[in-house]
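Please read the structure below before turning to the comments.
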Amino acid sequence: RIRRFDLASAKLSDNVGRLETINPRQIMYVSALGSNQMMIITNDNHYCYNFITNTLYSGNDDNLPYWMPEERFSINGVTKSHDGSIYFATNDGFRKARGVESTDPNERRMIQFMLRDWSSNMASNGTIAWKCSGRQLMIYNTKSSTERTIDINEVLGSYAPTATASYSPMLAPDGRLFLRRGNTLYSFTVDSEGVPTFQCRYRAESNSPISYAAVDGDGTVWLAGVGLTLYYGMRPEQGVRDITMQPIELSSDFSQIYASQAMTLSNGDVVFGFTDIGLVRVSTRTMRPEIISLSEAGISHETVEDGTT
């Protein structure tokens, strides 16, 4: 089954979608396509569920909002840019689904860029794609089909870590590029070619690892990982290079929890998914975290025969 959860009302939708043809154990990625469609990718197929018509489309059905090549390829990650385009990181290259929101079947085509071995460790704004490999940042321009590689530590200068670095890229709604390494987040501005200029460094003084980051509509950076603490850092004033992030403690009866997802909503609020407790939503207006308990919202954990939930 598939159901939509309304964050504003903290309620599940009444409509229940049936996914009889999909084996849940084979699902690798799920991503929203607009406000009324959901893309589901499994080990051997891809699907699109339409919440308006309660219809599940598979393969290269004519009603799919995108088209994929007939040849099989391994998908390592999926990301959606702010213009609505869907990007697939595959072992065969970096693929972009164009015309996702279009009703013209001629626009539902997949373009393969000749950049090899893209993993899920990537970010894109619809024109530029960034990928990290160790201390190397690969920058790919989808319009000119050009690629360049720069050394991240050279861009960071004296702010570069002394130990061997491995970074994870993230693009904020305001256009800034972030590279996360452990409990530190480096912020960059980027030019039209995607080349970064170091702006500042955010640091969370935490003994527990940080696994997820998000930037709200006001430009405040939020971090979450293992434990009941969120960390935030405001957008820096000009010339400020070092920002120590401030902690906010969550109130919960559970102690062994960790963040499992992060996202920025269209209104600028940030939402983290946490094991056991449910969702944590942070309003840009109040800067206070609100815990949305899944059990109170009508979502229950069901233990099946093999012991999984």
Side-chain angles (χ1 to χ4, degrees), residues 76-90 93-98 111-203 210 212-223 233-243 262 264:
N76 299 319
V78 178
T79 186
K80 184 168 66 173
S81 62
H82 300 311
D83 67 357
S85 297
I86 301 295
Y87 292 85
F88 298 90
T90 80
F94 184 56
R95 299 171 181 257
K96 175 184 178 183
R98 301 183 62 180
I111 292 182
Q112 177 178 355
F113 300 127
M114 301 308 294
L115 192 58
R116 296 294 174 181
D117 192 20
W118 276 72
S119 67
S120 57
N121 192 24
M122 57 173 282
S124 177
N125 64 3
T127 302
I128 308 295
W130 296 269
K131 173 194 172 182
C132 291
S133 178
R135 54 188 281 180
Q136 303 299 313
L137 178 66
M138 300 171 63
I139 306 171
Y140 189 73
N141 189 314
T142 61
K143 288 186 176 180
S144 61
S145 297
T146 56
E147 174 190 342
R148 70 173 69 188
T149 300
I150 64 173
D151 189 307
I152 300 171
N153 287 2
E154 291 182 1
V155 178
L156 293 175
S158 61
Y159 291 88
T162 55
T164 302
S166 180
Y167 301 91
S168 298
M170 178 188 75
L171 194 68
D174 57 16
R176 285 181 293 167
L177 177 68
F178 288 86
L179 300 181
R180 184 176 61 82
R181 178 183 182 271
N183 295 358
T184 302
L185 207 63
Y186 299 92
S187 173
F188 303 84
T189 59
V190 294
D191 62 18
S192 59
E193 297 298 320
V195 178
T197 298
F198 176 61
Q199 181 186 42
C200 67
R201 174 176 62 183
Y202 293 85
R203 291 190 291 183
I210 299 297
Y212 287 93
V215 181
D216 68 22
D218 292 334
T220 300
V221 178
W222 294 86
L223 299 178
M234 308 291 284
R235 181 192 287 272
E237 297 180 1
Q238 187 172 1
V240 176
R241 293 282 189 166
D242 248 328
I243 298 176
T264 303

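Along the sequence shown, residues carry numbers from 1. Atoms considered below: every heavy atom in the structure, side chains included; atoms not considered: hydrogens, waters and symmetry mates.
- Looking at Thr184 and Arg201, their side chains come closer than 4.5 Å, going by heavy atoms from C-beta outward.
- At distances below 3.5 Å, at least one donor-acceptor pair connects side-chain atoms of Arg176 with backbone N or O atoms of Gly219.
- Asp218 meets the salt bridge (Lys or Arg N to Asp or Glu O under 4.0 Å) test with no other residue; sequence neighbours excluded.
- Note that CZ of Arg235 is 9.5 Å distant from SG of Cys200, once rounded to the nearest 0.5 Å.
- Phe198 has its side chain within reach of Arg241: a pair of non-hydrogen atoms, C-beta onward, lies under 4.5 Å apart.
- Looking at Leu171, Thr220, Val221 one by one, the single match for side-chain contact (heavy atoms from CB on, under 4.5 Å) with Val215 turns out to be Val221.
- Using a 4.5 Å cut-off on side-chain heavy atoms (C-beta onward), Tyr167 and Pro161 make contact.
- Closest non-hydrogen pair, Gly194 versus Trp130, comes out as O-NE1, 2.9 Å.
- The line from CG of Leu156 to CG of Asp151 is 9.0 Å long, rounded to the nearest 0.5 Å.
- Closest heavy-atom contact between Pro169 and Cys132: CD-SG, 3.9 Å.
- Arg181 places no side-chain N or O within 3.5 Å of a backbone atom of Tyr186 that could act as its donor or acceptor partner.
- We find the CD-OH distance between Gln199 and Tyr159 to be 12.0 Å, quoted to the nearest 0.5 Å.
- Between the side chain of Asn183 and the main chain of Ile210, a donor-acceptor pair closer than 3.5 Å is present.
- Taking 4.5 Å as the limit, every side-chain heavy atom of Thr197 sits out of range of all side-chain heavy atoms of Asp191.
- Once rounded to the nearest 0.5 Å, the distance linking CD1 of Ile150 with CD of Gln136 reads 9.0 Å.
- Atoms CD1 and CG, from Ile139 and Leu177 in turn, are 8.5 Å apart once rounded to the nearest 0.5 Å.
- For the atom pair OH of Tyr212 and CZ of Arg180, the computed distance is 8.5 Å after rounding to the nearest 0.5 Å.
- Not one N or O on the side chain of Thr146 forms a donor-acceptor pair closer than 3.5 Å with the backbone of Asn141.
- Judged by distance alone, the side chain of Trp222 and the main-chain N or O of Asp216 form no donor-acceptor pair under 3.5 Å.
- Between Tyr202 and Leu223, every side-chain heavy-atom pair lies at or beyond the 4.5 Å cut-off.
- Side-chain contact between Ile152 and Leu179 is present, with heavy atoms from C-beta onward closer than 4.5 Å.
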